[in-house]
Trainee: 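Let me begin by handing over the structure; questions about it come next.
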Amino acid sequence: MRYSVFEHSLPLATSEAPLAEVAAIFDASIARYNVLATISTYRGAKGLVMNFIASDPRFAGKIIRVGHEFDQYFLVHLKNHMDFQPYSSSYRATVLSAVRGVLSYAVVNSFYGYRGFLDVVLDPTFRETAMRSSFSDNEFQQFDKALDDEIAFVESNLMAGYVPSGKGVPPEFIGTRFAPGWSDDEDNLKWWFENKLGCKAFVHSKTMSNAQKKFYFAAKKHGGIRVLFLRWGVILGIDAFVIIPFMFKLVTWTGLNATPAQSLKTNDYIKSHPLTGKPCIYYWKQRGQGDTDLHEGLLTAHLEKVSAETKDVMPLEEKQSSNIEKIWIRVLDITRPIRSELTESEEDYLFIYMPTYGRAAGQVRNLLQPNKCMHDWCRYMVEKYDLRDDRGDLLEINISRLRPSLVSKLMSAGVDISVIQAILGHSDVITTMRYIDKHNFAPKARREIHKCLSNIRKNREDQVRQPKQIAVGKTNDPSIIFTTATALCLDVYNPPARVKKATGWIEGQACTNFNMCLRCSKVVILEEHLPRLLAMRRGYKFSLENGAGATTHRAVLIQNLSVLDGILGENSDFSHSVLSKANQQSRNLEVYVDPFLVRGKYEQV
DNA sequence: TTCTTAGTGTCGTTAAGTAG
DNA sequence: CTACTTAACGACACTAAGAA
């Protein structure tokens with residue numbers, strides 16, 4: 001039996017349409033999906049399969065019947081074919097996965113009696129282009145400076161504006177026409193523009209007012225309205241290139257993905273979140289099926305589900321929010337004139353513009369995809385500012401590179417992974433870690449650990465050589481010695497800036513951020529601390545091995561564990577006998593795993 | 001007619017999530 | 001975790017259509 005229960009809706013391949021059956025199983029499979037991105041992925045796979053069949057001698061001149069010519073080895077053939085094409089590893093995996101999905105669906109529904117297929121194992125995927133990779137520090141600085149320059153340029157154009165001149169004289173009329181000669185004087189046109197058109201620019205359209213029409217025709221002898229407006233400093237419109245730099249600037253501060261940035265609404269910036277009192281941004285997000293967006297864990301307090309819709313919340317740190325606020329207010333200012341043109345049914349997007357030319361001239365637009373302006377603007381920027389990558393080639397700019405660049409910046413600023421996680425809007429810190437791994441930030445983490453260890457060693461040597469009063473600080477009471485769970489503190493009233501910025505630090509009070517000790521420059525670790533540190537290490541290992549750390553604080557555990565390994569491991573500064581004695585003592589200690597994440601705050605580098 | 005700029009479809013790549 | 005699926009995003013060629 002070759003046909004399925006769907007028989008009535010499935011066409012048969014004929015000599016006129018030899019691929020009809022293949023197309024049909026794809027179409028039926030595609031119909032399962034309703035997310036546009038997925039549908040287009042499957043359509044792409046369909047196209048590729050069609051081309052493959054059309055070009056492969058195996059199928060030449062045949063009618064392709066599913067289950068016969070299109071047999072159980074099809075996926076294997078396709079993979080072999082793709083292996084010889086210059087496709088990226090990711091694309092291979094994507095296409096093969098989609099085709100596998102189609103075949104499985106055909107099997108499940110027994111389309112054309114298709115019974116089964118030989119599956120293939122996908123190859124590992126690699127990053128093969130710079131498309132969405134982080135800028136290097138140098139590249140980022142270059143771009144950021146160009147961005148600032150461009151914003152200044154846009155601002156100066158906007159600010160120049162039109163200054164009413166008071167020149168010219170009112171026209172005489174003959175009937176409804178201007179008296180001959182009046183419009184030859186450009187100043188007279190200025191008079192009309194200032195007194196009859198309210199100094200407002202316009203573009204040619206069918207809906208021009210009579211006053212505008214008169215001006216339009218009179219302007220022709222002076223080169224046309226565009227030329228006049230340009231010469232007079234009249235802003236024709238808030239076009240895409242005026243508004244895009246502000247969006248890019250916002251993304252350098254937020255790391256938003258393209259679509260969420262493009263779909264920000266005017267009221268998505270909240271100065272004081274109802275729960276936390278902290279500034280935040282509400283942003284649209286499709287991933288995570290909407291109702292699973294809510295972050296769990298320690299950051300829950302910052303985050304609130306906005307509605308049943310797909311919106312997420314990005315908590316903002318001080319510096320970040322003040323920069324964002326500036327951009328936000330400026331964009332609202334700039335777009336105010338065109339915002340009033342929005343009809344009630346149109347969405348109140350933050351980033352809107354009004355093209356001054358072409359098909360959409362005079363209409364309010366937003367930057368949601370598909371929109372080519374962004375791409376055009378990137379090219380314009382690279383050329384205008386001659387931006388170069390580290391190899392000296394023209395820099396590849398797109399908005400998606402700013403996200404990993406922000407992460408890179410945060411990493412080198414020593415911002416904790418949990419904060420990065422919140423900023424990126426990942427529901428699981430594992431995703432953040434994977435992100436960081438993929439982007440090759442690991443060396444930075446290693447440098448961090450190395451720094452911690454050499455600091456610890458230096459402090460210990462100093463302390464052993466010349467013991468200091470510990471924790472005198474502002475109390476002036478030398479009898480107070482601060483011992484955290486794991487170490488001594490050199491100056492509990494004056495920790496490094498990074499610790500001061502962390503949650504829980506109150507000026508004038510002793511530092512209680514014990515969880516940051518291992519990475520603090522004031523830490524002193526002596527022989528007496530070893531048992532507790534050994535217990536701590538045991539706890540971390542246990543936690544990691546048993547999966548407890550797999551979903552929550554894994555990154556912090558791993559990083560602290562690396563530091564602990566440095567202190568207690570094979571290359572320890574402590575002698576073998578000291579360590580083994582400490583090990584004995586540690587058996588009686590409770591396993592200690594710090595339940596809190598190390599908190600940092602965002603700093604600009 | 002030519003110039004501009006927006007809009008569309010297709011191809012290709014990578015990120016982000018899930019199942020087991 | 002690995003292996004895989006699904007979503008997101010960019011480049012680009014080409015088309016549309018009004019303005020000059």
Side-chain angles (χ1 to χ4, degrees), chain A residues 32-48 50-51 82 85-102 104 119-133 203-206 208 216 219-220 223-227 237 239-241 257-262 285-289 292-293 310 353-363 365-379 396-401 403-404 407 424-428 430-435 437-439 544-545 547 550-551 554:
Chain A
R32 293 178 289 168
Y33 298 94
N34 48 24
V35 176
L36 220 58
T38 311
I39 291 171
S40 85
T41 297
Y42 273 70
R43 281 200 188 133
K46 176 185 170 185
L48 194 142
M50 296 302 211
N51 287 340
M82 289 193 80
Q85 303 294 123
Y87 297 127
S88 79
S89 56
S90 309
Y91 186 52
R92 267 174 244 242
T94 303
V95 169
L96 289 171
S97 165
V99 174
R100 173 194 286 135
V102 170
S104 305
D119 208 346
V120 296
V121 177
L122 301 186
D123 300 322
T125 59
F126 306 97
R127 163 187 293 280
E128 279 146 77
T129 73
M131 188 171 142
R132 282 195 253 176
S133 62
V203 292
H204 178 277
S205 76
K206 287 174 183 136
M208 287 189 295
Y216 174 77
K220 279 196 168 181
I225 51 173
R226 290 178 61 85
V227 172
D239 66 16
F241 277 27
N257 278 327
T259 308
Q262 288 153 347
K285 191 183 181 192
Q286 172 141 347
R287 280 191 202 281
Q289 286 134 31
T292 58
D293 274 358
T310 49
Y353 62 98
M354 185 182 278
T356 59
Y357 198 88
R359 188 163 32 156
Q363 296 170 29
R365 296 279 156 195
N366 60 55
L367 286 167
L368 282 166
Q369 286 177 333
N371 187 319
K372 215 161 67 66
C373 299
M374 304 255 298
H375 175 231
D376 294 346
W377 181 81
C378 290
R379 285 196 165 174
E396 278 179 51
I397 296 180
N398 59 53
I399 199 160
S400 300
R401 294 194 70 175
R403 186 174 168 88
V407 176
L424 295 185
H426 292 155
S427 54
D428 193 325
I430 292 292
T431 303
T432 313
M433 287 180 59
R434 191 160 42 200
Y435 197 89
D437 280 348
K438 275 195 174 173
H439 286 272
L544 284 171
E545 281 162 13
T551 52
R554 189 181 172 83

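Just so it is clear, the values below take in all heavy atoms, side chains as well, and ignore hydrogens, waters and symmetry mates. In what follows, chains carry the letters A, B, and so on, assigned in the order in which the sequence lines appear, proteins first and then strands, with residues in each chain numbered from 1.
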Trainee: With sequence neighbours left out, what residues match A:Arg379 under side chain to side chain contact (heavy atoms under 4.5 Å, CB included)?
Mentor: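 Testing A:Arg379 for side chain to side chain contact (heavy atoms under 4.5 Å, CB included), a comparison that skips the adjacent residues, returns A:His375.
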
Trainee: Tell me which nucleotide among C:dC4, B:dG12, B:dT14 gets nearest to the side chain of A:Arg100.
Mentor: C:dC4

Trainee: Would you indicate, yes or no, if C:dT5 has its OP1 or OP2 atom less than 4.0 angstrom from a side-chain nitrogen or oxygen of A:Tyr33?
Mentor: no

Trainee: By nearest atom, which of the nucleotides C:dT6, C:dG10, B:dT13 is closest to the A:Ser88 side chain?
Mentor: B:dT13

Trainee: From the set C:dT6, C:dG10, C:dA20, return the single nucleotide nearest to any side-chain atom of A:Tyr216.
Mentor: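 Within the option list, the nearest is C:dA20.
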
Trainee: Is a side-chain N or O of A:Arg92 found less than 3.5 angstrom from the main chain of A:Tyr87, in a donor-acceptor match?
Mentor: yes

Trainee: Check the phosphate of C:dT5 against A:Arg92, side-chain N and O only, distance under 4.0 Å to OP1 or OP2. Yes or no?
Mentor: no

Trainee: Looking at residues at least two apart in the chain, or sitting in another chain, which of them share a side chain to side chain contact (heavy atoms under 4.5 Å, CB included) with A:Thr41?
Mentor: A:Thr94

Trainee: Given that A:Gly44 and A:Tyr353 both sit by DNA chain B, which one's nearest nucleotide is further toward the 5' end?
Mentor: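 First, find each residue's nearest nucleotide; the 5'-ward one identifies A:Tyr353.
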
Trainee: Please check the phosphate of C:dG10 (OP1 and OP2 only) for any side-chain N or O of A:Ser400 closer than 4.0 Å.
Mentor: yes

Trainee: How would you label the contact of A:Arg43 with the nucleic acid (heavy atoms, under 4.0 Å): base, sugar-phosphate, or nothing?
Mentor: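 Nothing, no nucleic acid heavy atom in range.
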
Trainee: Mind listing the N/O atom pairs, protein and nucleotides 14-16 of chain C, below 3.5 Å?
Mentor:
| unit_1 | atom_1 | unit_2 | atom_2 | d |
| --- | --- | --- | --- | --- |
| C:dA16 | N3 | A:Arg359 | NH2 | 3.2 |

Trainee: Counting only side-chain heavy atoms from C-beta out, which of C:dC12, B:dG12, C:dT6 sits nearest to A:His375?
Mentor: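 It is C:dC12.
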
Trainee: Go through the N and O atoms of the side chain of A:Thr94 and the base of B:dT13, and report whether any donor-acceptor pair is under 3.5 Å.
Mentor: no

Trainee: Is any side-chain heavy atom of A:Tyr91 closer than 4.5 Å to one of A:Gln85?
Mentor: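 In short, these two side chains do not touch, never coming nearer than 4.5 Å.
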
